[in-house]
Amino acid sequence: MEKNSDQYIIQRIRAREDNAFVYLQVKFQDSIRLMVLEMGGSKEDAKDVFSEGLVALICLVDREDFVLNCRLGTLVYALCKNTWLLQLEKQAAVRNYQVRRLDNPDEQDFTEESDQQLYHDIFWESFKKMDKVCQDILGGYLKEISPKEIADTMGYSYGYVRKRKSLCHGYLMKLIEGHPTYIKIKQTELTLDIE
Amino acid sequence: MERYMDKNRRLADYIYNDLDREEVVELEREISNDPELSESYQLNMRVKEYLQAKIQLEEMRSDPQLEDAEKLAGMVFDLESHDEAEKVTVSRGRNRSRIRIWSFAAAVAATIAILISFGIIPSTISQDKLFDRYYEPYAASNYLQRGESKEKYRDITNGINDYMGGRYSQSIDQLGGLNAVSDIQPEVQLFTALSYIGLGQYQDAQNILESAVNGNTRYQPESMWYLGLCYLKTGEVEKASSLLERLEKYDGLYQRDARSLRKKLRRFSQ
């Protein structure tokens, strides 16, 4: 069985091997955090959701009737999404008993999260603005596919893919740093720093 | 410009592990000695890390096997209610419909994000988001205690009770009959306006609160705060900012919120 294949990781989870959980964390925690942020949660929520999602995964793979019939990453996503939806339901129930916020301790976090959301929108919008070749080459690198495999799939030479990747990334950064919202946020940050 | 592009290209080679050992050492040395390059490197890394997570997340969301994954995930959540079979039947149905609702909501959110990115809805969504973050129904516990103890305040207490219970239309009807009673006029104005806000009739609330703010009401800070939120909701950002600036001068509950909201509003007015 190929090391780090989904089935291999499932076996390691059943054996409760630490490296399986490290692998899951390295591989999926960032995208689950992003999912929670995009669905209105905070970074702290995301941590809890990921941990609870892993507990749910352990319960699932321990079942005798468990058969993995999808990608492991997609299963982690589905478990974490369910966890977060249940969490949202609980939060909504709690809010029914709260009439008014008396203090505002998370103000700074909210500002940071709100800026972070704006940055994310800019990054993604700029990425989607690039031509398809740039998106595919950078996308391949970001998915940690080897440059050779990207080159073979796209019908380019290895050297061209490496060079084009640098040009595309440079262009992406130019789009981001020239984005009107990005400039506006930076200006606001400067103003607030002065104050 | 060429220098700028060259810098980002070198950083790209670095963050995608396409530099040889000597080049890595050289660039790391430059990063540690050059604050501007260091800042660029951090931004480049931030972009890379975000896009990595985003691309993976989008792949998961559009995976044709997602339905199978959701069925498997459903097995875990069924386990939790194993002993309460009847309850499970109800909750399963509700969960599924909730998931369907959330999928729909996510699709709507994605559509809105696309619209924003193309400039079709430039700032309204963000203003709504800010409103949702800052708006909370007014808490009238002090007034209710006072009202319950004196017959004079019975009618207005009923109106406020309706407001507190979320029965906004009834509250407006109840308070409507009290406009002529001058010594409770400020309360009548405030809670009528608050009820209009509860109903989403911001323009009506705005009209009342404007007259309260311009008058000599004892609920000046409250009126200014909720009027500022109405302006935010109706897209009058400049008016909201200027009102919040005035409110910042009042010590008390709204001072901090007013300051932080006004700072955020600068984004829309710059």
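Here is the naming used below: chain letters follow the sequence lines, and residue numbers restart at 1 for every chain.
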Step by step, work out the salt bridge (charged side-chain N to carboxylate O under 4.0 Å, His left out) result for B:E49 and A:R33. CA-CA 12 Å; B:E49 283 165 6; A:R33 175 168 53 225; over 6 Å; no
- Item | A:N19, CG atom: more than 12 neighbouring heavy atoms under 6.0 Å | yes
Output for pair (B:L66 CG, A:T74 OG1), nearest 0.5 Å, gives 6.5 Å
All heavy atoms of A:L79 vs all of B:V76, minimum pair found to be CD2-CG2, 3.8 Å
Practice prompt. Could you please spell out the steps behind the salt bridge (charged side-chain N to carboxylate O under 4.0 Å, His left out) verdict for A:K143 and B:E59?
Written response: CA-CA 10 Å; A:K143 284 188 260 182; B:E59 275 193 346; 2.9 Å; yes
The interface call for B:L11 against chain A, heavy-atom contacts under 4.5 Å, is neither
When the 4.5 angstrom heavy-atom criterion is applied to A:V76 and chain B, the contacting part is neither
Item checked: B:E70 and A:K81, any side-chain heavy atoms less than 4.5 Å apart -> yes
Point to revise | Exam field: side chain A:R162 to backbone B:D18, donor-acceptor pair closer than 3.5 Å | key: yes
So, the part of A:F123 with a heavy atom under 4.5 Å from chain B: the answer is both
dist A:Q135:CD -> B:I55:CD1 (nearest 0.5 Å) comes out at 8.0 Å
Whatever's closer than 4.5 Å to a heavy atom in chain B on A:S126 counts as neither
Check your understanding: Does atom CD of B:E39 have more than 12 heavy-atom neighbours from other groups under 6.0 Å away?
Key -> no
Distance col, row A:L72:CG vs B:Q65:CD, nearest 0.5 angstrom, shows 11.5 Å
Using modelled atom types only, decide if a donor and an acceptor are shared between the side chain of B:Q52 and the backbone of A:L142 within a distance under 3.5 Å.
yes
>> What I want to check is whether the side chains of A:H169 and B:N44 have a donor and an acceptor closer together than 3.5 Å.
In response: yes
Between A:S166 and B:A12 the two heavy atoms that sit nearest each other are CA-CB, 4.1 Å
Mark yes or no: B:R46 above the aromatic ring of A:Y119, with NZ or CZ under 6.0 Å from the six-membered ring centre and no more than 45 degrees from the axis. yes
Turns out that what part of A:I176 lies under 4.5 Å from chain B's heavy atoms comes down to side chain
On a heavy-atom basis, the closest approach of A:S31 and B:M60 is OG-CE, 3.7 Å
Cut-off 4.5 Å, heavy atoms of chain B, and the answer for A:L57 is neither
The interface call for B:N17 against chain A, heavy-atom contacts under 4.5 Å, is neither
Taking every heavy atom of A:L34 against every heavy atom of B:A53, the minimum-distance pair comes out as CD2-C, 3.9 Å
For A:E38 and B:R61 the tightest heavy-atom approach is OE1-NH1, 2.8 Å
B:V47 vs A:W124, side chain to side chain contact (heavy atoms under 4.5 Å, CB included): CA-CA, chis, key distance, verdict:
CA-CA 9 Å; B:V47 170; A:W124 188 235; over 6 Å; no
Closest heavy-atom pair, B:G74 versus A:N82, reported as atoms and distance to 0.1 Å, is N-ND2, 4.3 Å
Within the 4.5 Å heavy-atom criterion, are A:L172 and B:L51 side-chain neighbours or not? yes
**Item:** Geometric class of the A:Y141/B:Y16 ring pair [parallel <30°, tilted 30-60°, perpendicular >60°]
**Value:** perpendicular
Atom CD of B:E58 with >12 non-hydrogen neighbours under 6.0 angstrom:
yes
So CG of B:L72 and SG of A:C70: to nearest 0.5 Å the spacing works out to 5.0 Å
B:Q56 side chain to A:K27 main-chain N or O, any donor-acceptor pair under 3.5 Å? yes
Whatever's closer than 4.5 Å to a heavy atom in chain B on A:Q29 counts as neither
Residue from A:D65, A:N69, A:L75, A:T181 scoring the most non-hydrogen pairs under 4.5 Å with chain B is A:N69
